[in-house]
There are 2 protein chains.
Amino acid sequence: MAVREKVFDVIVSCFKRHGAEVIDTPVFELKETLTGKYGEDSKLIYDLKDQGGELLSLRYDLTVPFARYLAMNKLTNIKRYHIAKVYRRDNPAMTRGRYREFYQCDFDIAGQFDPMIPDAECLKIMCEILSSLQIGDFLVKVNDRRILDGMFAICGVPDSKFRTICSSVDKLDKVSWEEVKNEMVGEKGLAPEVADRIGDYVQQHGGVSLVEQLLQDPELSQNKQALEGLGDLKLLFEYLTLFGIADKISFDLSLARGLDYYTGVIYEAVLLQTPVRAGEETLGVGSVAAGGRYDGLVGMFDPKGRKVPCVGLSIGVERIFSIVEQRLEALEEKVRTTETQVLVASAQKKLLEERLKLVSELWDAGIKAELLYRKNPKLLNQLQYCEEAGIPLVAIIGEQELKDGVIKLRSVASREEVDVRREDLVEEIKRRTSRPLCMC
Amino acid sequence: MAVREKVFDVIVSCFKRHGAEVIDTPVFELKETLTGKYGEDSKLIYDLKDQGGELLSLRYDLTVPFARYLAMNKLTNIKRYHIAKVYRRDNPAMTRGRYREFYQCDFDIAGQFDPMIPDAECLKIMCEILSSLQIGDFLVKVNDRRILDGMFAICGVPDSKFRTICSSVDKLDKVSWEEVKNEMVGEKGLAPEVADRIGDYVQQHGGVSLVEQLLQDPELSQNKQALEGLGDLKLLFEYLTLFGIADKISFDLSLARGLDYYTGVIYEAVLLQTPVRAGEETLGVGSVAAGGRYDGLVGMFDPKGRKVPCVGLSIGVERIFSIVEQRLEALEEKVRTTETQVLVASAQKKLLEERLKLVSELWDAGIKAELLYRKNPKLLNQLQYCEEAGIPLVAIIGEQELKDGVIKLRSVASREEVDVRREDLVEEIKRRTSRPLCMC
């Protein structure tokens with residue numbers, strides 16, 4: 001949880017830096033709200049038992065509830081983030097950070113705006129977060145559903161096979177083109193020459209120059225959808241250059257993304273190297289953030305079908321938690337799980353009342369303080385507790401100190417002790433423990 | 001959510017001030033874990049549909065999952081907080097802040113310690129949080145399950161009726177003694193003279209002097225359980241005096257608390273006055289925090305029945321959210337839902353690229369900044385957006401400013417504008433927007 005809090009801090013402060021407000025939705029949705037939104041993965045939805053009342057399911061992601069929320073509240077314009085758990089009846093894989101209950105961190109911009117400005121901001125946010133987290137070099141693959149669809153059309157894929165061929169293409173980051181082609185031809189019944197034409201396209205990736213090259217492609221440029229997608233990508237690259245992140249972005253024709261609801265630009269961030277822990281399964285170079293444009297989803301929940309264009313991103317925090325934990329382990333850094341600044345201790349017996357009085361004074365002054373819940377704890381045990389919990393200071397009360405009106409303030413690390421006048425204690429503790437928080 | 005975040009901030013910073021670490025548990029538990037822990041209220045538990053695998057239910061509170069977690073991980077010693085949603089198939093009552101999905105904020109101390117030290121800290125925490133939230137005067141009622149049981153025994157209640165008579169007593173904060181007596185005698189078959197004897201006790205409340213008086217009570221002081229409870233309460237009051245909160249505490253023999261798992265001291269904080277919104281149902285003087293000691297619960301989950309004594313508290317945040325919202329409405333204070341410091345705007349057309357460059361510079365410098373997602377927004381629309389969103393500053397780019405290397409910085413409130421050199425802009429924005437956050 002201590003690691004999680006650090007990661008969430010980085011993510012939330014970025015979302016706030018970009019002017020987002022936060023919303024929350026219930027953990028369950030009406031079953032019918034989730035039906036037909038996740039393609040094959042719908043079988044992974046958790047249903048609640050029918051105990052009377054509406055049929056309910058646990059949310060599968062945060063995007064569909066967000067769209068439902070916009071339609072229900074007739075909102076046409078919002079920039080929001082949402083950090084919450086989602087549920088999938090999947091086989092957990094702990095080392096890869098895949099669970100049945102896991103967090104999603106979503107940022108979305110809903111509203112009718114000029115092209116590619118919100119889309120570019122989403123990519124900027126992704127880059128800011130991944131840089132701040134210091135989890136290594138990354139690359140953001142970008143593509144557009146319209147380019148994919150246009151490409152399938154000109155290659156000769158029948159309309160009815162767009163989705164299934166799309167999901168084959170999506171596997172190119174894990175398996176070779178040969179295998180993908182075999183699946184297309186052998187399992188999905190595509191003509192080999194059609195597959196080969198797809199292969200010529202989807203094995204290409206590059207920067208804005210590839211966009212320009214494809215805009216000149218005699219066939220692709222004749223397809224209206226593809227042309228729109230390529231035009232938008234060109235504009236997107238202009239904005240990304242102004243944001244100083246164009247070098248992190250790769251236009252990748254093999255990026256397809258599984259979900260049904262995307263309608264325009266899609267993206268996925270991958271780490272270029274993934275740390276490996278000795279003796280454990282490789283994490284694999286995997287996706288740590290993804291998103292895209294979904295202009296049709298809100299309309300599905302509006303009785304009149306009114307559309308609200310949306311674009312957003314989701315940070316894959318479970319995977320990031322694993323990586324940050326591994327980095328901390330490798331550095332042999334111990335993460336403190338509390339923030340206690342000082343332990344109120346006594347050197348002699350029968351000083352419980354004095355300890356209670358002092359710790360209460362410190363709490364009232366806003367100091368993070370603890371005491372051992374013993375009437376007469378040994379000083380050694382009190383010091384040991386500080387070592388274990390990483391508490392930096394000990395305020396020691398003794399008979400002599402009480403007479404003199406002072407407290408002995410001990411630094412746990414250096415073992416130095418100084419007498420501090422009781423009325424100066426709060427200030428002295430604040431002075432000694434005020435250091436900037438770091439993300440390490 | 002903006003109000004919620006403010007309330008959570010107060011609560012979390014108090015929990016951290018007292019040295020707690022944070023844990024999380026899954027939203028579902030094995031069904032069998034929850035069975036038999038909530039008495040009559042078990043019917044309110046949400047079950048998941050049997051889709052294969054273990055039978056699961058949604059958590060009903062955070063205490064039972066905490067005890068299960070301690071037993072499962074063989075922890076005998078922890079001070080933790082947990083803020084999460086719990087689920088009850090109840091009839092929602094929005095005005096009273098009662099929902100089917102709601103937050104609980106729990107703080108608990110587990111471990112074998114000297115008597116009443118952790119218990120006193122729990123009461124101190126309750127008082128600190130309720131004072132910080134500024135939701136009005138409050139009182140914490142305290143009692144002990146052992147005193148209640150001892151009292152029932154000496155009054156002549158049969159053992160088998162302890163629990164049901166206890167739940168009748170618990171209603172004394174809502175209905176008169178006459179009605180409670182009628183229930184005991186009419187519905188629950190207690191002899192009228194037994195009920196009267198109970199009545200003599202449970203209508204008493206007071207401070208430590210009542211504890212001392214009952215310690216002299218010829219009958220009650222002969223009951224071993226009651227004597228233990230009274231002795232502990234006397235010690236508790238000593239510690240509460242040292243913590244400076246004894247005046248907030250009332251020993252109240254009618255406080256019973258419904259849940260089965262309490263074994264010692266129990267407590268409940270009530271607001272003395274509750275704000276009322278014109279034309280709406282009175283909130284009613286209700287409980288806003290509660291807790292107690294439960295020394296037997298962890299043992300129920302341990303295969304060998306090993307006990308881990310626990311004491312804790314839960315803050316009723318949903319009710320507090322309602323109260324804080326009403327107070328803000330009464331003050332006609334608008335709560336900002338974003339933290340944006342500055343809007344990057346332009347006075348003329350064709351400056352989108354310059355706006356994108358500047359906003360990106362500001363984000364990279366950690367400034368919370370936005371721009372309108374339009375190629376050529378009108379200045380008036382940009383200023384209006386600031387008014388609506390409460391953004392205090394506007395950084396205006398114009399042709400002249402670009403030539404001069406300056407940005408026009410406008411205060412939305414005062415409408416004053418000054419030219420700031422571009423390289424000084426970040427510092428100037430920081431200087432103007434750095435003010436301490438307040439809880440209002």
Side-chain angles (χ1 to χ4, degrees), chain A residues 1-2 4-5 16-24 26-28 46-53 56 58 79 85 87 89 100-101 109 111 113-114 117-118 120-121 124 128 238-239 242-244 337-340 352-353 356-357 360 363-364 366-375 389 391, chain B residues 1-2 4-5 13 16-24 26-28 46-53 58 79 85 87 89 100-101 109 111 113-114 117-118 120-121 124 128 238-239 242-244 337-340 352-353 356-357 360 363-364 366-375 389 391:
Chain A
M1 286 300 287
R4 282 171 184 232
E5 288 203 328
K16 287 187 173 176
R17 192 159 62 238
H18 287 263
E21 50 195 326
V22 57
I23 72 158
D24 193 16
V27 79
F28 30 65
Y46 275 104
D47 293 329
L48 266 75
K49 190 168 150 185
D50 183 2
Q51 294 169 291
L56 302 170
L58 298 187
K79 179 161 55 179
K85 288 176 178 174
Y87 298 88
R89 286 181 52 249
R100 296 190 293 183
E101 172 183 68
I109 301 171
F113 301 115
D114 284 325
I117 311 178
E121 184 167 1
K124 171 74 173 156
E128 283 183 23
E238 276 176 38
Y239 297 160
L242 292 166
F243 283 166
T337 56
T338 65
E339 299 178 7
T340 309
L352 173 61
E353 297 202 350
L356 291 174
K357 253 200 292 194
S360 181
W363 288 330
D364 292 344
I367 300 289
K368 294 171 191 146
E370 289 184 71
L371 81 168
L372 293 202
Y373 302 126
R374 298 281 176 196
K375 280 181 86 160
I391 301 172
Chain B
M1 286 300 287
R4 282 172 184 232
E5 287 202 328
S13 65
K16 287 187 172 174
R17 193 159 61 238
H18 287 264
E21 49 196 327
V22 57
I23 73 158
D24 194 14
V27 80
F28 29 65
Y46 275 103
D47 293 329
L48 266 77
K49 189 168 150 185
D50 182 3
Q51 294 169 289
L58 298 186
K79 179 161 55 179
K85 287 176 177 173
Y87 298 88
R89 286 181 52 249
R100 296 190 292 183
E101 171 183 68
I109 301 171
F113 302 114
D114 283 326
I117 311 177
E121 184 168 2
K124 172 75 172 156
E128 282 182 22
E238 276 176 38
Y239 297 160
L242 293 165
F243 283 166
T337 56
T338 65
E339 298 177 8
T340 309
L352 173 61
E353 297 202 349
L356 291 174
K357 251 200 291 192
S360 181
W363 289 330
D364 292 344
I367 300 290
K368 294 170 189 146
E370 289 184 70
L371 81 168
L372 294 202
Y373 303 126
R374 298 281 176 198
K375 279 180 88 160
I391 301 172

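The figures here come from the full heavy-atom set of this structure, side chains too, leaving out hydrogens, waters and symmetry mates. In what follows, chains are A, B, ... by sequence order, proteins preceding strands, each numbered from 1.
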- prompt: With a 4.5 angstrom heavy-atom cut-off, which part of A:Gln51 approaches chain B: side chain, backbone, both or neither?
  reply: both
Give the member of [options] that has the highest number of heavy-atom pairs under 4.5 Å with chain A.
{"options": "B:Leu58, B:Asp50, B:Ile109", "answer": "B:Ile109"}
{"options": "B:Phe243, B:Phe113, B:Trp363", "answer": "B:Trp363"}
{"options": "B:Met1, B:His18, B:Lys357, B:Glu353", "answer": "B:His18"}
{"options": "B:Ile367, B:Ile23, B:Val27", "answer": "B:Val27"}
{"options": "B:Arg89, B:Arg17, B:Glu5, B:Lys368", "answer": "B:Arg17"}

query: Among A:Ser360, A:Gly366, A:Gly52, who wins on heavy-atom pairs under 4.5 Å with chain B?
result: A:Ser360
message: Please report the interatomic distance OH(B:Tyr46) to CZ(A:Phe28), rounded to the nearest 0.5 Å.
response: 4.0 Å
task: Can you see which heavy atom on B:Asp24 is nearest to which on A:Lys85, and at what distance?
output: OD2-NZ, 2.7 Å
side-chain hydrogen bond (donor to acceptor under 3.5 Å, both in side chains) partners for A:Lys16, two or more places apart: B:Glu339
query: Excluding sequence neighbours, so at least two apart, what forms side-chain hydrogen bond (donor to acceptor under 3.5 Å, both in side chains) with B:Tyr373?
result: A:Lys79, A:Glu121
message: Would the distance check show the side chain of B:Asp47 and the main-chain N or O of A:Lys49 forming a donor-acceptor pair, the cut-off being under 3.5 Å?
response: no
message: When you compare the side chain of B:Leu352 with that of A:Ile117, does any pair of heavy atoms fall below 4.5 Å?
response: yes
message: Within the structure provided, determine whether B:Asp364 and A:Lys124 are in side-chain contact (heavy-atom separation under 4.5 Å).
response: yes
Atom group of B:Ile391 that falls short of 4.5 Å from chain A, counting heavy atoms: neither
